[in-house]
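Computed over heavy atoms, backbone and side chain alike; hydrogens, waters and symmetry mates excluded. Protein chains get the first letters and strands the later ones, always in sequence-line order, with residue 1 at the start of each.
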Amino acid sequence: MLELLFTDYTIRTVALGAAILGCVSGALGTFAVLREQSLLGDAVSHAALPGIVLAYMLTSSKASIVLMLGAGVFGALATGLVLSVTSQTRIKFDTALGIALSVFFGFGLVLLTFMQKRPDANQAGLETFLFGQAAALVSSDVITMAVIGLCAMIVTAFFWKEFKIASFDPDFGKTLGLRMNFVQGVLMVLFVLAIVIGLEAVGVVLMSALLIGPAAAARQWTDRLSLMFVLAAIIGAASGVTGALISSTGSALPTGPIIVLCAGVFVAISLLFAPRRGLTWRWLREWRNGHRLRMEAVLLDLYALASQHERPDYPHEAAVLDLMAHPITGSARSLTALEDRGLVARVGETQWSLTQAGVARVDAIVADRFEGGAMHGGKSVAIRHDT
Amino acid sequence: MSDAGFAVDVRDVTVAYREKPVLWDIDLEVAPGVLMAVVGPNGAGKTTLIKAILGLIKPAAGEVLIHGRPYSQQRHRVAYVPQRGSVDWDFPTNVLDVVTMGLYGKLGWVRRPTKQHKAVALEALRKVNMEAFASRQISQLSGGQQQRVFLARALVQEADVYFMDEPFQGVDAVTERSIIELLRALRAEGKTVVVVHHDLQTVPEYFDSVLLLNVRRIASGPVEDVFTEENLRVTYGGRVGFVKFVRQQSGVDNA
């Protein structure tokens, strides 16, 4: 399949188109996700359907620029409607979104069905806008997408710091004299553009996933906005290309769902395996913390026992330590781990005693827990960083 | 630009959410170089007043003058410290970057911060004892550290008037002390600082001047004249036991 990418002209066009749309929507999705407006993209893409059909009805042209224009106008209309309903009435954002999405989409379906009943052979193919058909992309489509995408990227580069503050703290930005309403308007227009260029290949139903998925995945890997933006673009492009190739070479599978599944795989991998934020990482850290705390507990128990005798290295039965330890995990594994670290020593078959290093460690633990920050355990450390 | 008169002059400001007034006909005059507390029960409109002054909420009526001219012409002389909880601290950015945002107004549209701007931000971080945290991801900060980052962001604005919304909210005693020292240093430079404050006990110790607010302005002026049991009772709606307790704790006799 891969060699087709370099030899087959059609495949190359399709892959290039999918790469561009994935790249642009993934990158801009960064701001949608951070501004908690991910679902706005869903309303935009669904609302685009009547725009597409109406554009065709008015012009009888299926040129992508014409259909994109119709989609863009209706997408922007839906966005404006949702935002003004939210600000002018008591209806909440999610409700306004749900209403706009379903009403516009319903209207689109009505128009589409109406068109299909007409004796017009040329209209065939409009229904592919539902789930997308990357195989239908021709080089003029790709050029249109590239130009729009490039414009969107240039605008983003220009307004980078304005977009950042509008996403992090718009009220503060406003007090600085930066016109946040204008910035947010520009962002909305870019979201609409990102959606519109993907509609032909991905379809109105699932396009918003390409806005959300790559950005959500990218957030897992980095704590820097610029890096998140670039990573989201790369993940978006990778999902786009993979999905488009699978759907246009093998079966007649619709492209949208395949691309979205690819993006889903990236999201799943990121949620599971990203360092620090990933679930695996967190489980590992919790397990390590638990292990460390159990070890410290056994060490302190041993110290408590020893302090009833003259010598700190007075040996004690493992069975006694087991009784004092956590009822399920017991003390055996903690003791072995402590022995590896040279903090305790085995005496005979079943007895254990503190080493000198062990006593020193107990002093350190006690100092950290009780003298550093009253009885607040882990918080004591934070307080000392504070001062 | 004449600086005669008041640093902050709020005239007849009324704010209503739908039909219900949340601020009713507020007049407030703050002299330059004053450290003022805004005090009142929950829902009294303290945050709303700050936001109305800063144009974040559109008042139904009234006007705001900063050093004698409308706020819209004096933005660059005003700095704002919002409530800590008003932003998403999981935003992918670091401490230095957040502080640099205080300079975006001076930078104007499109221009990017340079090394000099970063140096200014770093200097502000030093003033709040946070320079060691410059490259720290903001989600890893404690509440007190977040608050100091916000203060540093306001410091780089080099304003004449500072509005702070609950800067002592959820910070430990050490941070509280360092913040109040910072506020006093600002006052020593002749700056005006207006602070939404929750802890009545510390009002006489920390502030020279106080506004008692409960939808209406109950009283405003120097702490020793205005911070009386009678005024507090009116502000807090007759919870006398509570008010008396506060008076005893703060060690201020009836005026």
Side-chain angles (χ1 to χ4, degrees), chain A residues 30-31 33-36 87-90 154-180 182-183 186 215 218-229 231-232 276-277 373-374 376 378-387, chain B residues 18 51 53-57 71-72 75-76 78-83 86-94 97-98 100-113 129-130 132-133 136-145 148 150 153-154 157 159 163 171-175 177-178:
Chain A
T30 302
F31 293 106
V33 165
L34 291 176
R35 294 169 51 79
E36 296 175 14
S87 67
Q88 302 298 320
T89 73
R90 291 183 188 220
I154 289 171
V155 171
T156 309
F158 245 68
F159 288 129
W160 182 258
K161 88 174 188 298
E162 284 78 11
F163 284 179
K164 180 158 59 177
I165 200 161
S167 305
F168 177 64
D169 195 351
D171 270 1
F172 183 72
K174 208 171 161 189
T175 67
L176 293 174
L178 297 168
R179 295 201 358 245
M180 285 294 121
F182 171 72
V183 175
V186 173
R219 179 67 188 95
Q220 293 294 108
W221 298 94
T222 176
D223 281 332
R224 277 176 55 194
L225 183 63
S226 50
L227 212 54
M228 180 180 167
F229 187 83
L231 269 179
R276 296 220 309 285
R277 295 175 76 92
H376 288 303
K379 211 179 172 189
S380 67
V381 180
I383 287 172
R384 255 181 285 134
H385 276 299
D386 238 32
T387 45
Chain B
R18 310 220 156 76
K51 288 193 169 179
I53 290 173
L54 296 170
L56 298 172
I57 294 174
Y71 166 70
S72 54
R75 266 181 215 282
H76 59 284
V78 178
Y80 173 44
V81 179
Q83 275 183 28
S86 65
V87 302
D88 172 16
W89 288 95
D90 196 35
F91 195 85
T93 187
N94 66 28
D97 202 38
V98 171
T100 310
M101 286 180 190
L103 294 164
Y104 283 9
K106 281 203 185 77
L107 275 167
W109 290 96
V110 179
R111 276 180 58 210
R112 300 285 180 91
N129 291 323
M130 287 283 290
F133 293 80
R136 185 74 67 96
Q137 156 67 18
I138 58 171
S139 63
Q140 292 166 17
L141 302 177
S142 72
Q145 291 165 347
R148 282 186 278 163
F150 264 10
R153 187 177 70 169
Q157 291 184 259
F163 291 97
V171 306
D172 57 81
V174 180
T175 307
R177 227 170 299 134
S178 71

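Looking at Thr30(A), neither its backbone nor its side chain comes within 4.5 Å of chain B, counting heavy atoms on both sides. Contacts of Lys106(B) with chain A are absent, with no heavy-atom separation under 4.5 Å from either backbone or side chain. Looking at Val98(B), the atoms closer than 4.5 Å to chain A (heavy atoms on both sides) all sit in the side chain, from C-beta outward. Only the side chain of Ile138(B) comes within less than 4.5 Å of a heavy atom of chain A; its backbone N, CA, C and O stay farther away. Only the side chain of Tyr71(B) comes within less than 4.5 Å of a heavy atom of chain A; its backbone N, CA, C and O stay farther away. With a 4.5 Å cut-off on non-hydrogen atoms, Phe182(A) touches chain B through its side chain but not through its backbone. Of the two parts of Phe159(A), only the side chain, counted from C-beta on, holds a non-hydrogen atom closer than 4.5 Å to a non-hydrogen atom of chain B. For a residue to count as touching a neighbouring chain, one of its non-hydrogen atoms must lie under 4.5 Å from one of that chain's; by this rule Arg35(A) does not touch chain B.
Once rounded to the nearest 0.5 Å, the distance linking CG of Leu107(B) with CD of Glu162(A) reads 9.0 Å. Annotation: the span from Gln137(B) atom CD to Thr222(A) atom OG1 amounts to 8.5 Å, rounded to 0.5 Å. Distance check, rounded to the nearest 0.5 Å: CG of Asp171(A) to CD of Gln83(B) gives 11.0 Å. Distance check: Ile53(B) CD1 to Thr175(A) OG1 gives 13.0 Å after rounding to the nearest 0.5 Å. Tyr104(B) OH to Ile165(A) CD1: the interatomic distance, rounded to the nearest 0.5 Å, is 6.5 Å. Rounding to the nearest 0.5 Å places NZ of Lys164(A) at 3.5 Å from CG of Asp97(B).
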Could you go through Met101(B) and Asp169(A), starting from their C-alpha distance and side-chain angles, then the distance that decides it, and tell me whether this counts as side-chain contact (heavy atoms from CB on, under 4.5 Å)? CA-CA 10 Å; Met101(B) 286 180 190; Asp169(A) 195 351; 5.6 Å; no

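Looking at Arg75(B), its side chain does come within 3.5 Å of a backbone N or O of Lys174(A) through a donor-acceptor pair.
Taking the six-membered ring where the residue is Trp, Phe172(A) and Tyr80(B) present parallel rings, their angle staying beneath 30° rather than reaching 60°.
Ionic pairing of Asp90(B) and Arg219(A) is present here: one or more N-O contacts between side-chain nitrogen and carboxylate oxygen are shorter than 4.0 angstrom.
In plain terms, the two heavy atoms of Phe91(B) and Leu34(A) that are nearest each other are CE1-CD1, 3.7 Å. Closest approach of Ala157(A) to Arg112(B), counting heavy atoms only: O-NH2, 2.6 Å.
Within 6.0 Å of atom CZ in Arg224(A), 12 or fewer heavy atoms from other residues, nucleotides or ligands are found, so the atom counts as exposed in its surroundings. Applying the 6.0 Å contact sphere to CZ of Arg90(A) captures no more than 12 heavy atoms from other residues, nucleotides or ligands. The neighbour count for Glu36(A) CD, taken as heavy atoms of other residues, nucleotides or ligands under 6.0 Å away, does not exceed 12.
Ranked by heavy-atom pairs under 4.5 Å with chain A, the first of Lys51(B), Arg111(B), Met130(B) is Arg111(B).
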